[in-house]
Amino acid sequence: MPLLYTVGRLVVGTGLRLGWRPQVEGLENVPATGGAILAGNHLSVADELFLGAVVPRHIAFWAKAEYFTGTGFRGWLSRTVISGLGAIRVERAGGRAALAAFDAAIPVLHSGDLVAIYPEGTRSPDGRLYRGRVGVARLATAARVPVIPVGMIGTQQVQPIGARVPRLGAGRVVVRFGKPLDFTDRPTDRTSLRQMTDEVMAEIQRLTGQEYVPRYAPARTAAVG
């Protein structure tokens, strides 16, 4: 676990666990060692904070390329923090540039780390669960690692869109981990990737109880999926 991530988990993670006392279910489904993908719904920027707070392993999150390329003192500080946390660089331009993020995630998974991914590709605008993008299945089959479905509940009340920090007393956070999904020997044609992704989304929906919307969420900046 990177040193800066360890410090952050001790300071920020402990604060989140004490301040909000998130309810955690199914943590035994997260393997103690070895690479795996944590695939969750995305309600709030706080999803990453609470996920990192409750999982006792390093999780590689995605960070937009601008955090790695800034200039001056702020740019240096951003690069130092993001790199120190072990984040994976992602381009928001799409196309081959965005796919490079998945290529970069494969050696991270092979080294035994966890990688978090939000298949919806962005935060839900209304609390419903939207159709997943096939990147989660593509990454799982390429890296030959299991997918652990994750259901986040309540984070949109704790830190709604526009809020800079989580709000105390705004609600209860629940983090649920489903059983690992193994796609190792599945074919990787487009139809199969779609089927695997739909299986992941069905498990996430089972964990959260969200209403499912069979279309992609309106685009925002951010998560990879």
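What you see is a predicted model; the values in this text were computed from it and never measured. When reading the values below, keep in mind they use all heavy atoms of this one structure, side chains included, and skip hydrogens, waters and symmetry mates.
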Practice prompt. Would you please name every residue forming a ring-ring contact (aromatic ring centres under 6.0 Å, His included) with Phe177, sequence neighbours left out?
Written response: none

Discussion item. For a quick test of reading the model, state the closest non-hydrogen atom pair linking Ala60 to Gly86 and the distance between them.
Written reply: CB-O, 3.6 Å

Practice prompt. May I ask you to say whether Arg194 pairs ionically with Glu199, meaning some side-chain N is under 4.0 Å from a carboxylate O?
Written response: no

Item to complete: Provide the closest heavy-atom pair for Ile117 versus Gly135 in the form atom of the first, atom of the second, distance.
Response: CD1-C, 4.4 Å

Item to complete: Report yes or no: does Thr14 contribute a side-chain atom to a donor-acceptor pair with the main-chain N or O of Val11 at less than 3.5 Å?
Response: no

Worksheet item: Would a hydrophobic clustering, with Ile, Leu, Val, Met, Phe, Trp and Tyr connected at side-chain separations under 4.5 Å, put Ile37 with Met201?
Response: yes

Discussion item. Applying the side-chain contact (heavy atoms from CB on, under 4.5 Å) criterion to Phe102, which one of Val115, Ile88, Leu139, Val136 satisfies it?
Written reply: Leu139

Item to complete: Specify the closest pair of heavy atoms between Pro22 and Val54, including all atoms of both residues, with the distance to one decimal.
Response: CG-CG1, 4.0 Å

Worksheet item: At what distance, to the nearest 0.5 angstrom, does CZ of Arg176 lie from CE of Met152?
Response: 11.5 Å

Practice prompt. Show your working on side-chain contact (heavy atoms from CB on, under 4.5 Å) between Arg133 and Tyr216 and close with a plain yes or no.
Written response: CA-CA 8 Å; Arg133 299 180 182 275; Tyr216 295 126; 3.6 Å; yes

Discussion item. Hydrophobic clustering (ILVMFWY, side-chain heavy atoms < 4.5 Å, transitive) - are Val200 and Tyr212 grouped together?
Written reply: yes

Worksheet entry | N/O donor-acceptor pair under 3.5 Å between Ser44 side chain and Gln159 backbone | yes

Worksheet item: Do Ile59 and Val81 belong together in a cluster built from hydrophobic side chains that touch within less than 4.5 Å?
Response: yes

Response to the item:
Here the pair of heavy atoms bringing Val158 nearest to Gly171 is CG2-O, 3.9 Å

Worksheet entry | Steps toward side-chain contact (heavy atoms from CB on, under 4.5 Å) verdict (Gln210, Asn41) | CA-CA 9 Å; Gln210 291 171 277; Asn41 59 324; 3.0 Å; yes

Response to the item:
dist Asp113:CG -> Tyr5:OH (nearest 0.5 Å) comes out at 9.0 Å

Worksheet item: Has the side chain of Arg131 got a donor or acceptor atom that lies under 3.5 Å from a matching backbone atom of Val213?
Response: no

Worksheet item: For Ser192 and Asp189, what are the C-alpha separation, side-chain angles and deciding distance, and is it a side chain to side chain donor-acceptor pair (under 3.5 Å)?
Response: CA-CA 5 Å; Ser192 298; Asp189 58 277; 2.8 Å; yes

Discussion item. Using side-chain heavy atoms (C-beta onward) and a distance below 4.5 Å, is Val150 in contact with Val175?
Written reply: yes

Practice prompt. Mind listing the closest non-hydrogen atom pair of Leu207 and Pro149 along with its distance?
Written response: CD1-O, 3.6 Å

Fill in: Any donor-acceptor N/O pair, Arg21 side chain to Leu16 backbone, under 3.5 Å
no

Worksheet, complete the sentence: CG of Asp182 to CZ of Arg144, rounded to nearest 0.5 Å, is 8.5 Å

Worksheet item: When rounded to the nearest 0.5 angstrom, what is the spacing between CZ in Phe183 and OG1 in Thr141?
Response: 9.5 Å

Practice prompt. Kindly indicate, with the supporting measurements, whether the criterion side chain to side chain donor-acceptor pair (under 3.5 Å) is fulfilled by Glu25 and Gln23.
Written response: CA-CA 7 Å; Glu25 301 174 10; Gln23 178 180 328; 2.3 Å; yes

Worksheet item: Atom OG1 in Thr197, atom CZ in Arg138: separation rounded to 0.5 Å?
Response: 8.5 Å

Discussion item. Hydrophobic clustering (ILVMFWY, side-chain heavy atoms < 4.5 Å, transitive) - are Val24 and Phe50 grouped together?
Written reply: yes

Fill in: Ring-face cation of Arg215 near Tyr130 (centre distance under 6.0 Å, axis angle within 45°)
no

Item to complete: Check the angle between the aromatic planes of His42 and Tyr118 and answer parallel, tilted or perpendicular using the 30° and 60° thresholds.
Response: parallel

Fill in: Side-chain touch Val30/Leu27, heavy atoms, less than 4.5 angstrom
yes

Worksheet item: Does the pair Trp20 and Arg172 meet the rule for a side-chain contact (heavy atoms from CB on, under 4.5 Å), with working shown?
Response: CA-CA 7 Å; Trp20 284 267; Arg172 183 68 181 273; over 6 Å; no

Worksheet entry | Smallest separation among heavy atoms of Pro166 and Leu49, with atom names | CG-CD1, 4.2 Å

Discussion item. Starting from Phe61, can I reach Leu114 by hopping between I/L/V/M/F/W/Y residues whose side chains sit under 4.5 Å apart?
Written reply: yes

Discussion item. Evaluate Ile161 against Arg123 for side-chain contact (heavy atoms from CB on, under 4.5 Å), listing each step before the verdict.
Written reply: CA-CA 9 Å; Ile161 293 174; Arg123 282 173 285 166; 3.6 Å; yes

Worksheet item: Is there a donor-acceptor pair closer than 3.5 Å between any side-chain N or O of Arg57 and the backbone N or O of Gly34?
Response: yes

Fill in: Distance, nearest 0.5 Å, that separates CD of Gln205 from OG1 of Thr208
6.5 Å

